[in-house]
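Data first, discussion second: the structure below is written as structure tokens.
What you are looking at is a predicted structure, and each value in this text was computed from that prediction instead of being measured. Throughout, numbering of the chain's residues begins at 1 and tracks the sequence. Below, each value reflects all heavy atoms present in this structure, side chains not excepted, and no hydrogens, waters or symmetry copies.
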Amino acid sequence: MRQTEIESREERRANIFRFGLLSIPPIAWAVAFAPLFLLSNGLHLDWISIALVPSLVEALVVGIVCYGVWFAYTRLVLHLAPAT
């Protein structure tokens with residue numbers, strides 16, 4: 001294989017991995033927010049402090065973890081992978 005084909009394949013793989021990591025925090029937010037919102041709204045409670053704030057904090061933590069995984073992936077896997 002030529003070097004450009006290998007780089008192109010690694011770039012496509014990195015783009016798919018990055019898209020997956022970018023989609024995780026919004027999904028985590030929705031999963032954390034929905035049941036708390038439905039519960040607090042059904043009981044006529046303050047949904048902002050019960051549902052919104054904790055779910056945003058959780059999504060922020062998940063986003064930071066995803067960034068750490070992306071940083072490790074780009075530094076360790078893409079740059080230190082053995083040449084085949």
Side-chain angles (χ1 to χ4, degrees):
M1 278 193 196
R2 288 186 279 155
Q3 186 67 20
T4 57
E5 290 177 13
I6 293 172
E7 290 173 2
S8 168
R9 194 169 24 153
E10 287 179 355
E11 186 176 330
R12 284 194 309 256
R13 188 179 302 142
N15 285 339
I16 291 170
F17 189 71
R18 183 176 55 224
F19 174 75
L21 287 177
L22 286 175
S23 64
I24 291 173
I27 292 171
W29 174 79
V31 167
F33 177 74
L36 294 174
F37 174 75
L38 292 174
L39 180 67
S40 63
N41 197 23
L43 297 174
H44 304 291
L45 300 172
D46 181 27
W47 63 272
I48 292 177
S49 64
I50 293 175
L52 186 63
V53 174
S55 62
L56 287 176
V57 169
E58 182 179 332
L60 181 66
V61 170
V62 169
I64 291 170
V65 169
C66 286
Y67 178 75
V69 169
W70 172 251
F71 182 79
Y73 178 76
T74 57
R75 297 294 182 255
L76 300 176
V77 175
L78 293 182
H79 295 295
L80 299 178
T84 56

According to a 4.5 Å side-chain heavy-atom criterion applied to Ile, Leu, Val, Met, Phe, Trp and Tyr, with indirect links allowed, do [X] and [Y] form part of one hydrophobic cluster?
X	Y	answer
V62	L52	no
L45	L39	yes
L36	W29	no
L56	W47	yes
F33	I48	yes

Working for side chain to side chain contact (heavy atoms under 4.5 Å, CB included), residues W70 and R75: CA-CA 8 Å; W70 172 251; R75 297 294 182 255; over 6 Å; no
Within-4.5 Å side-chain heavy-atom neighbours: L21 and Y73: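 L21 does not reach Y73 side chain to side chain.
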Looking at every heavy atom in both [X] and [Y], which two are closest together, and how far apart are they?
X	Y	result
G20	S23	O-OG, 2.8 Å
A28	E58	O-OE2, 4.2 Å
P25	G63	CG-CA, 3.7 Å

Separation of E11 CD from R18 CZ (nearest 0.5 Å):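 One gets 8.5 Å once the value is rounded to the nearest 0.5 Å.
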Exercise: do R12 and N15 side chains pair donor with acceptor under 3.5 Å: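 No donor-acceptor contact under 3.5 Å links the two side chains.
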